[in-house]
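To keep things clear, I will list the structure first and then write my remarks on it.
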Amino acid sequence: MSAPPAAPEGRSGPAPSRPRSRRRTWLIVLGVVVAVLIVVLVAALALGGAPSSKPKPQTPSNSVAGDPDNLGPTGSRAVTKVIGDHGVDVTVARGLDELRDRTTPGADDTVVVSGSGALTPANASYLLDKFRGVKRVILLQPSGSAIEALGLPVTVALIAQTRSTAACSLLGIAPDDVISSQGIGLGSHSSAARYTPTQPAASCFPDDTGTGSDVVDQPGQIVVVPATSSHPEIVVTDGDFWQNATLAEDDNAGVALRVLASSGRLIWFIPSFGDRPPEPGEPDTDPRSQIPRWIGPGFLLAAFAVLALMLWRGRRFGPMVTEPLPAVVKAIETTQARGRLYHRAGADTRAAAILRIRTISRIAGYLGLHYDPVHALDALDASDERDDSGVWAPDGSDSSVAAIISVAAAATHRDARDVARLLTGPLPEGDDALVVFTTELTALEKEVRGTP
């Protein structure tokens, strides 16, 4: 047996494994892509409304009386927190634009309207129409102008009493429930809002406590206007006993919970002085508000997923690879092949005519003169069809050719008759004469162009 061949010089061991290094590179790229996807997913969850474990700030975000975001004494943050803890979804909308964009009231929804001093008759009419199909509308401490704008059969007045008993069984309220409020003013001069129905309507927490049944057509801290074809059931109530400062007193929290938490969702609306109802024909909701919030983060996540797929399945682009063409064809070969065809057919005179027409065309273009080579070639073809014995040639009587001869002679300092002989004279016959003719045409063209 023969010995195995010796290893080539310069190679002391096996070559490094290129697939292993490539696999390591792909693992690094895949790790980076996975990390980016995790970051994008966390951002998508955050933008999509994922609950945050961070405690909310303990400072009031505003000082508007009755606002659910007001943590001050006159705010309603406490009552909305209690309602939310009992499984009621609380949606807050400030102004008509937010109300139109954020939510669509349903048949089982309860609507609370606070800060109703900003209501105008136009806005009030729009709200009544928008809330017509809800379960109940609660007006929180409305002013007399707001009640008038809504067209409710209720009047408002201030009385000194700030603590009263229900004396009714409306809205889940027990007859012996007691509510108290700070009222308006200080000490013995404080007062609370009382509402009096001007049409048959039941009321709770009247001025003088009755016994046994609902109080009808008497002033009370809560008045329930029954539903009609133009509006749902409307509860007009003093809002002082729902405020943060008084919610823990007496039965305030229990009464508020039974009145507000009777449906699955509570829409808390705070009107704005800049509100404008939609014009006739204008859509009631912004079409952009119907787009789910997760569309943006989802699209971003999908884009990163496609990028990761491209990196995973795509091929690595290496250096450019040169590939020899199967054949290289020189441009002059076409001219040479046509010349051989003319020579084989014995068409030396026709070849000379074509060379002359092309030379005249190039000289005319250089001198800025007019010449139509297409017309000349057409005439040449026509002469071939009429008579095979002769070949058409440019006529010196042609004004354009005469002008070219004159200017070319002046540019080259040649005799005009010599130039005319080349451009309009008899055509050569035979190979030797054609070569001489072609050389003379080339020399004339170079002299005109001023090139050696």
Side-chain angles (χ1 to χ4, degrees), residues 61-62 64-72 74-119 123-124 126-143 146-147 149-150 152 154 156 170-173 179 181 193 195 204-205 220-225 227 231-247 252-272 275:
S61 59
N62 59 55
V64 179
D67 194 295
D69 284 343
N70 184 359
L71 296 176
T74 61
S76 299
R77 172 63 66 84
V79 68
T80 54
K81 180 65 169 59
V82 172
I83 295 171
D85 292 342
H86 281 75
V88 178
D89 181 20
V90 180
T91 301
V92 180
R94 295 176 178 83
L96 287 181
D97 291 339
E98 287 192 13
L99 179 65
R100 294 165 58 191
D101 295 344
R102 285 190 177 183
T103 181
T104 301
D108 192 43
D109 293 343
T110 298
V111 178
V112 175
V113 180
S114 64
S116 55
L119 282 179
N123 294 340
Y126 170 74
L127 289 177
L128 285 178
D129 183 67
K130 188 174 184 66
F131 297 149
R132 181 180 302 176
V134 301
K135 179 179 180 180
R136 179 180 299 150
V137 174
I138 301 174
L139 300 179
L140 196 62
Q141 202 166 6
S143 61
I147 293 176
L150 292 168
L152 300 179
V154 179
V156 61
L170 301 172
L171 310 174
I173 301 173
I179 61 172
S181 60
Y195 300 95
C204 293
F205 304 99
Q221 206 159 349
I222 296 178
V223 172
V224 180
V225 180
H231 63 75
E233 180 182 76
I234 298 179
V235 178
V236 183
T237 174
D238 182 20
D240 285 340
F241 71 93
W242 290 3
Q243 295 177 352
N244 298 331
T246 57
L247 188 65
N252 291 1
V255 172
L257 185 63
R258 287 191 286 273
V259 173
L260 296 177
S262 60
S263 60
R265 185 173 68 156
L266 178 69
I267 301 174
W268 198 297
F269 174 61
I270 302 100
S272 173
D275 286 344

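Just so it is clear, the model here is predicted, and its values are computed rather than measured. Count residues from 1 along the sequence.
- Listed here is the closest heavy atom pair of N244 and L71: ND2-C, 3.6 Å.
- Here D69 pairs with R77 in a salt bridge; the nearest charged N to carboxylate O distance falls below 4.0 Å.
- Considering only heavy atoms from C-beta on, R136 stays 4.5 Å or farther from S263 through its side chain.
- Between R265 and D89 no salt bridge is recorded (no basic side-chain N to carboxylate O distance below 4.0 Å).
- Note that the CG atom of L257 and the CG atom of N252 stand 12.5 Å from one another [nearest 0.5 Å].
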Could you check L170 against I222 for side chain to side chain contact (heavy atoms under 4.5 Å, CB included), going step by step and ending with a plain yes or no? CA-CA 10 Å; L170 301 172; I222 296 178; over 6 Å; no
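- The side-chain hydrogen bond (donor to acceptor under 3.5 Å, both in side chains) search around S114 returns W268, not counting sequence neighbours.
- Counting heavy atoms from C-beta outward, S143 and V156 have side chains that stay 4.5 Å or more apart.
- For L128, the side chain to side chain contact (heavy atoms under 4.5 Å, CB included) criterion is met by L150, H231, I234, not counting sequence neighbours.
- A pairwise comparison of heavy atoms in D108 and G264 identifies OD2-N, 3.6 Å as the closest pair.
- Atom CD1 of I147 and atom OH of Y195 lie 5.5 Å apart (nearest 0.5 Å).
- For the pair V223 and L152, the minimum side-chain heavy-atom distance is 4.5 Å or more.
- Remark: S272 engages no residue in a side-chain hydrogen bond (donor to acceptor under 3.5 Å, both in side chains) (not counting sequence neighbours).
- Scored by the side chain to side chain contact (heavy atoms under 4.5 Å, CB included) test, D97 finds R100 as partners (sequence neighbours excluded).
- Distance check: L140 CG to L260 CG gives 8.0 Å after rounding to the nearest 0.5 Å.
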Assess whether side chain to side chain contact (heavy atoms under 4.5 Å, CB included) is satisfied between L127 and V111, documenting all intermediate values. CA-CA 11 Å; L127 289 177; V111 178; over 6 Å; no
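- Under the rule for a side chain to side chain contact (heavy atoms under 4.5 Å, CB included), the partners of D129 that lie at least two apart in sequence or sit in another chain are R132.
- D238 has its side chain out of reach of I179: every pair of non-hydrogen atoms, C-beta onward, lies at least 4.5 Å apart.
- D109 contributes no side-chain N or O that, together with a main-chain N or O of V134, makes up a donor-acceptor pair within less than 3.5 Å.
- For the pair A149 and A124, the tightest heavy-atom approach, listed with the atom from each and the gap, is O-CB, 3.6 Å.
- Between E233 and K135, the shortest heavy-atom contact is CB-O, 4.1 Å.
- No donor-acceptor pair closer than 3.5 Å links the side chain of D67 to the backbone N or O of I270.
- Side-chain contact between P105 and I267 is present, with at least one heavy-atom pair separated by less than 4.5 Å.
- One distance of note links CG of L139 with CD of Q141; it measures 11.5 Å at 0.5 Å rounding.
- Legend: residues meeting side-chain hydrogen bond (donor to acceptor under 3.5 Å, both in side chains) with T237, ordered by chain and number and at least two apart, are absent.
- Between V236 and P142, some side-chain heavy-atom pair lies under the 4.5 Å cut-off.
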